[in-house]
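The structure presented is a predicted model; accordingly, all values stated were derived computationally and were not measured.
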Amino acid sequence: MRNRRLRRGFTVLALTLLALPAVPGTALAEPTYPFRDPHLPVSARVDDLLGRLTQDEKISMLHQYQPAIPRLGIGLFKTGTEALHGVAWSTDIDNNGAVVKARGTVFPQPVGMASTWNTDLIRQVGSAVGDEARGYHAQNPRVWGLNLWAPVVNLLRDPRWGRNEEGYSEDPMLTAAISTAYGSGMTGGDPDHLKSAPTLKHYLAYNNEVRRDVTSSNVPPRVLNEYDRAAFEPAIAADAATGVMASYNLVNGRPATVDPDLATVVRGWTDQPLLNVTDAWAPNNLIGSQGYYATLPEGNAAIVKAGLNSFITDDTNAQPTVTAIKQALATGLLTEGDIDARIRETLNVRFRLGEFDPGGGRYGGITPDVINSPEHQRLARQAAGEAMVLLKNTRQALPLDPARTRKVAVLGPLADTLYSDWYGGDLPYEVTALDGIRERLGGSATVSGLDGADRIALKDPATGRYVTATGTTDADPVAAIGASAELSAQFDVVDWGQDVVTLRNAANGRYLGYNWGPFVTRDAQPNGWYVQQQFKLEPQADGTVALRYAGYETKESWFGPDRYVTVGADDALTLGASTAADATHFSREVLSSGIDRAVAAAKAADTAVLVVGSNPFINGREAHDRTSTALSAGQEALVKAVATANPRTVLVLQTSYPVTLTWEQEHVPAIVWTTHAGAETGHAVADVLFGDRNPSGRLTQSWYRSDGQLPPDLLEYDIISSGQTYLYSDAKPLYPFGHGLSYTQFRYGQLRTGAHSVAVDGTIAVSVDVTNAGARAGSEVVQLYTHQRTSRDRTPIRQLRAFQRVQLAPGQTRTVTLRLPAADLAHWDVTRSRWVVESSTYDLMVGASAQDIRARAAVRVRGETIPARDLSRPTRAENFDRYAGVRLVDETKARGTAVGATAAGQWISFDASALRPGVRTFTARVARAGAGAGAIEIRLGSPTGRLLGTATVPSTGDDYRYASASTELARAAGKQDVYLVFDSALRVADFSIR
């Protein structure tokens with residue numbers, strides 16, 4: 001630990017010396033302020049600068065764009081440059097906040113980076129991203145800020161989440177390890193001198209996009225502490241992040257934008273000041289869609305008090321925020337001390353970034369030369385290669401022998417296309433799978449490429465004219481004017497699933513898009529916030545099709561009723577109908593079958609390489625979730641046809657999320673998965689397919705056999721009671737968490753432990769010999785899982801505790817030792833609101849995945865026994881053991897969680913409660929906004945068990961106005977399961993039975 005007390009001891013002396021008048025005759029270009037002295041402690045420099053700021057200047061620093069202060073020589077500071085898997089984009093204050101895209105190194109999407117299970121590699125990637133952020137900052141510091149919004153540590157509990165590609169894993173320990181590595185690289189590893197300032201996204205319990213600003217994540221205390229917070233804490237505690245971004249959603253009834261955790265729990269994880277930010281426009285949601293506060297001053301005051309430093313709202317216009325904060329000060333909602341606390345934290349980060357040091361400090365000399373440097377390109381290729389996961393490999397289908405594989409058909413919609421995503425930069429160059437395979441095999445081989453798309457023409461039967469592209473600008477409308485199906489009237493159709501297709505014009509290679517009218521063929525790829533290149537071809541009873549526009553804006557409440565395409569009076573396509581019946585019915589002429597062409601190419605090839613998967617701009621994204629994880633019907637049909645035509649088919653699946661692959665798993669001999677992995681994707685694919693790289697990636701999510709293995713409701717956040725993720729699900733997945741094959745085989749020896757019993761403050765050392773039993777060098781990821789045999793509470797079926805990558809030559813054996821502090825076996829005890837390690841036997845399981853366990857042992861941990869509940873003490877209602885129907889809600893707008901019932905028959909239980917003999921009384925703090933009285937029944941054993949008494953809940957007229965409700969109880973004694981059963985809508989904060 002740094003000696004902060006010693007630093008503070010020098011502060012007064014240093015400030016006194018620096019404040020002395022200059023020696024007569026000495027000329028200074030500008031005043032020498034103590035805050036510019038890099039030899040002073042950061043805290044002293046912050047104090048000095050803060051004391052020189054006016055109240056208006058401090059208030060101005062609460063907005064994302066902290067303006068320059070010329071009188072002190074301070075420049076603009078901006079929070080927020082997106083850097084999820086490479087520097088991606090930022091906004092330009094000098095151009096009305098326009099988005100400026102980066103064109104540097106793009107690494108694999110985060111879910112791919114995590115699949116490397118290689119923290120050393122991820123730390124290097126983070127360092128490269130930090131370097132490039134500095135390089136961009138050197139180019140234009142007004143656009144490219146050094147506060148980076150990354151990584152995303154929200155847990156991937158459900159693959160239908162539209163932003164699945166942004167996260168790392170469904171497991172909190174793995175997520176923490178990867179995020180800490182990435183953040184450490186971005187910061188430079190020295191918290192006192194930051195290369196960049198990463199911000200963890202998005203606190204907290206955020207896994208749904210549909211109505212994300214008004215949905216509340218129901219997170220009981222165990223899930224909150226063991227799962228969601230557990231993913232965020234390690235990076236903050238390791239000084240690998242300098243703050244968090246609050247999520248859009250509500251958590252237990254309170255908007256995350258005003259979650260008191262941000263000022264208390266999160267800041268308690270580190271001794272470094274943190275710079276926390278809102279999500280974009282979230283402050284306005286508090287008085288808008290969420291209706292949580294009546295006025296902006298109330299909402300903004302609550303944000304400051306909740307522990308947020310930077311308001312990301314109103315684009316570049318800080319005036320609404322400044323005005324509201326001033327009003328909050330004037331009315332006593334805030335004090336200047338509240339503002340000082342937030343600005344002090346922000347300034348601390350700015351100082352550590354070197355902003356006020358000569359030359360920009362330790363990292364100020366990094367130049368734009370680092371952007372997309374050859375070194376970073378090599379690192380991107382390595383990361384893309386290590387991210388690839390070999391899902392299946394039978395009959396030694398892989399690796400391909402380049403000497404014998406001389407004719408290859410590379411097929412599928414992603415064979416010769418690369419995609420970035422919403423939080424990726426533009427690719428400075430592209431190596432597709434087709435490019436990589438051609439390069440690997442050289443000019444003497446025959447490598448052909450086809451996307452497998454049907455080529456069609458659409459004809460208006462009323463006129464006999466074909467839908468035709470007229471150019472590639474906004475002034476070139478697509479119109480039904482073609483006399484024949486010439487090239488400009490031909491479109492290639494790619495099915496992306498859920499009936500959504502794209503239509504690429506054969507003449508100009510551009511995609512049909514809406515662009516708010518007229519329809520044009522302008523875009524080289526689907527893009528834009530609303531992705532206006534999406535359509536559905538809906539078959540009609542007369543054999544024609546209606547063309548339905550499916551851009552994302554059609555799902556917005558403000559979009560009009562017309563979603564179907566008609567041919568206008570000027571022959572141009574327009575949105576002119578609200579139903580398929582009123583739409584223009586086009587004849588769909590298939591000019592050539594994509595599957596037929598692909599099958600012919602596959603039959604003529606030694607090997608067919610199918611590259612299928614998702615489009616990050618279409619298959620779910622920010623603000624839109626998926627309804628299915630199935631591969632699109634069109635792509636699945638392509639896979640079936642090609643695999644049947646050529647038994648030497650290799651499937652390369654390129655997606656941002658787990659996909660249902662039951663047919664493919666049964667029939668295709670080899671399957672490789674990669675996420676969208678950046679410019680070097682094609683090299684990585686070729687490296688793996690031809691054995692130049694032995695695949696070593698491992699899945700960070702369970703891949704399910706069907707959507708039926710997922711909860712019916714995406715909004716089910718309680719993974720324990722609903723049995724989600726590999727931790728609690730008893731479903732047999734298609735590919736388990738941690739799964740990944742190799743071109744060699746690894747043999748495990750017996751598991752050895754240092755002792756059969758350990759105290760709670762001890763460490764369990766687990767050793768196993770791992771041997772490469774094959775003929776190729778390779779890397780194994782040795783994974784340690786535990787299971788607690790006995791517990792008061794429901795515990796995970798298995799839980800990842802440690803892992804280690806080990807590189808082994810053929811025949812080589814290495815002893816892998818994994819150390820597990822017994823304290824890490826703790827879970828959250830709801831009876832006492834604290835962590836507990838229970839006395840129990842713990843199974844230790846080492847293997848190649850969560851379900852491929854190769855060696856086992858057991859150890860007895862001498863912990864404690866959770867005592868029976870003592871309900872005579874005030875008991876928080878949220879600390880129930882089980883529940884039905886109720887929701888967790890905000891006790892007050894500022895803090896606390898209560899239980900909210902919404903209908904009769906809902907209940908909560910408090911198991912194994914010790915009831916003492918004698919007369920007793922039930923007393924609860926309750927609120928009921930509705931008219932009339934409600935009731936709480938106190939029962940034993942079950943929701944319909946013995947009735948001890950009924951407490952009347954008075955109407956308090958407000959959800960946040962609490963009153964006392966009590967009743968005398970019938971005699972009962974001993975250890976009992978106590979149930980509180982509700983008859984109507986009401987809230988309970990706490991209760992006791994005495």
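- By the side chain to side chain donor-acceptor pair (under 3.5 Å) test, Ser721 is found to be paired with Asp718, Tyr883, residues two or more places apart in sequence or in another chain being considered.
- Taking the centre of each ring, His202 and Tyr248 stay at or above the 6.0 Å mark.
- Residues passing the salt bridge (charged side-chain N to carboxylate O under 4.0 Å, His left out) test with Glu386 are Arg805, sequence neighbours excluded.
- For the residue pair Lys101 / Ser90, no side-chain donor-acceptor distance below 3.5 Å is found, with atom types taken as modelled.
- When only modelled atom types and interatomic distance are considered, Gln498 and Thr627 share a side-chain donor-acceptor pair under 3.5 Å.
- Pairing each heavy atom of Leu148 with each of Ser196, the nearest pair is CD1-OG, 3.4 Å.
- Distance alone, capped at 3.5 Å, places no donor-acceptor pair between the Asp92 side chain and the Ala98 backbone.
- Here Leu390 contributes atom CG and Thr674 contributes atom OG1; the two are 12.5 Å apart, rounded to the nearest 0.5 Å.
- Residues Arg229 and Glu233 are not paired through a salt bridge, judged by the lack of any N-O separation under 4.0 Å between the basic side chain and the carboxylate.
- Qualifying salt bridge (charged side-chain N to carboxylate O under 4.0 Å, His left out) partners for Arg142, counting only residues two or more places apart in sequence or in other chains: Asp94.
- Under the 6.0 Å cut-off for aromatic ring centres, Tyr552 and Tyr530 do not qualify, their centroids lying 6.0 Å or more apart.
- In this structure, CG on Asn300 lies 8.5 Å from CG on Leu62, to the nearest 0.5 angstrom.
- In terms of modelled atom types and a separation under 3.5 Å, the side chain of Thr675 and the main chain of Pro108 share no donor-acceptor contact.
- Of the N and O atoms on the side chains of Asn249 and Ser217, at least one donor lies less than 3.5 Å from an acceptor on the other residue.
- Judged by distance alone, with hydrogens and angles left aside, the side-chain atoms of His63 form a donor-acceptor pair with the main-chain N or O of Thr313 at under 3.5 Å.
- Applying the ring pair (Phe, Tyr, Trp, His ring centres under 6.0 Å) test to His739 and every residue at least two apart in sequence or in another chain returns Tyr735.
- Sorted by first and then second residue, the ring pair (Phe, Tyr, Trp, His ring centres under 6.0 Å) pairs involving residues 147-181 (not counting sequence neighbours) are Trp161-Tyr206.
- Side-chain atoms of Asn348 do not come within 3.5 Å of backbone N or O of Pro273 as any donor-acceptor pair.
- Applying the salt bridge (charged side-chain N to carboxylate O under 4.0 Å, His left out) test to Glu622 and every residue at least two apart in sequence or in another chain returns Arg163, Arg212.
- With sequence neighbours excluded, no residue forms a salt bridge (charged side-chain N to carboxylate O under 4.0 Å, His left out) with Asp625.
- Looking at residues two or more places apart in sequence or on another chain, you find no ring pair (Phe, Tyr, Trp, His ring centres under 6.0 Å) involving Trp496.
- Once rounded to the nearest 0.5 Å, the distance linking CG of Asp213 with CG of Leu250 reads 8.5 Å.
- With contacts defined as side-chain heavy-atom distances shorter than 4.5 Å, the pair Tyr419/Thr417 qualifies.
- Judged by distance alone, the side chains of Ser656 and Gln109 do bring a donor and an acceptor atom under 3.5 Å apart.
- Residues meeting the side-chain contact (heavy atoms from CB on, under 4.5 Å) test with Thr119, sequence neighbours left out: Ala177, Ile178, Ala181, Phe803.
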Under 3.5 Å, side-chain donor or acceptor atoms of residues 80-89 against the rest of the protein: list the pairs with distances, not counting sequence neighbours.
| from | atom 1 | to | atom 2 | distance (Å) |
| --- | --- | --- | --- | --- |
| Thr81 | OG1 | Gly145 | N | 3.1 |
| Thr81 | OG1 | Gly145 | O | 3.0 |
| Glu82 | OE1 | Lys201 | NZ | 3.2 |
| His85 | ND1 | Phe107 | O | 2.6 |
| His85 | NE2 | Asp421 | OD1 | 3.3 |
| His85 | NE2 | Asp421 | OD2 | 3.0 |
| Trp89 | NE1 | Trp422 | O | 3.0 |

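- Atom CD of Glu375 has 12 or fewer heavy atoms from other residues, nucleotides or ligands within 6.0 Å.
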Stepwise side-chain hydrogen bond (donor to acceptor under 3.5 Å, both in side chains) test for Asp890 and Tyr292: CA-CA 11 Å; Asp890 49 339; Tyr292 204 68; 2.5 Å; yes
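- Between the Gln724 side chain and the Glu716 main chain, a donor and an acceptor come within less than 3.5 Å of each other.
- Residues passing the ring pair (Phe, Tyr, Trp, His ring centres under 6.0 Å) test with Tyr136 are Trp144, sequence neighbours excluded.
- Taking CG of Asp171 as the start and CG of Leu800 as the end, the distance is 5.0 Å to the nearest 0.5 Å.
- By the 6.0 Å and 45° rule, Arg157 stacks over the aromatic ring of Tyr717.
- In this structure, the side chain of Thr242 engages the main chain of Pro198 through a donor-acceptor pair within 3.5 Å.
- A salt bridge is defined here as a Lys NZ or Arg NE, NH1 or NH2 lying under 4.0 Å from an Asp or Glu carboxylate O, and Glu345 with Arg267 meets this definition.
- Using modelled atom types, one finds no donor on one side chain facing an acceptor on the other under 3.5 Å when comparing Gln272 with Thr270.
- Checked by atom type, the side-chain pair Gln64/Asp315 shows no donor-acceptor distance below 3.5 Å.
- Scanning both residues, Gly162 and Glu165, for their nearest heavy atoms gives O-OE1, 3.5 Å.
- Contacts classified as ring pair (Phe, Tyr, Trp, His ring centres under 6.0 Å) and involving residues 226-245 (residues at least two apart or in different chains) are given here: Tyr203-Phe232.
- The existence of a salt bridge linking Arg134 and Asp131 is excluded, since no basic side-chain nitrogen approaches an acidic carboxylate oxygen closer than 4.0 Å.
- Inspection of the Thr700 and Ser169 side chains reveals no N or O donor paired with an N or O acceptor under 3.5 Å.
- Between Asp158 atom CG and Ser702 atom OG the span is 11.0 Å, to the nearest 0.5 Å.
- At distances below 3.5 Å, not a single donor-acceptor pair connects side-chain atoms of Asn285 with backbone N or O atoms of Gly288.
- No hydrogens or angles considered: a donor-acceptor pair under 3.5 Å links the side chains of Thr660 and Thr629.
- Among the candidates Leu174, Ile236, Val153, the single residue satisfying the side-chain contact (heavy atoms from CB on, under 4.5 Å) test with Ser179 is Val153.
- Cation-pi geometry between Arg626 and Tyr657 is met: the NZ or CZ atom falls under 6.0 Å from the ring centre, inside 45° of the normal.
- Side-chain contact, Ser614 with Gln654: no donor N or O sits under 3.5 Å from an acceptor N or O.
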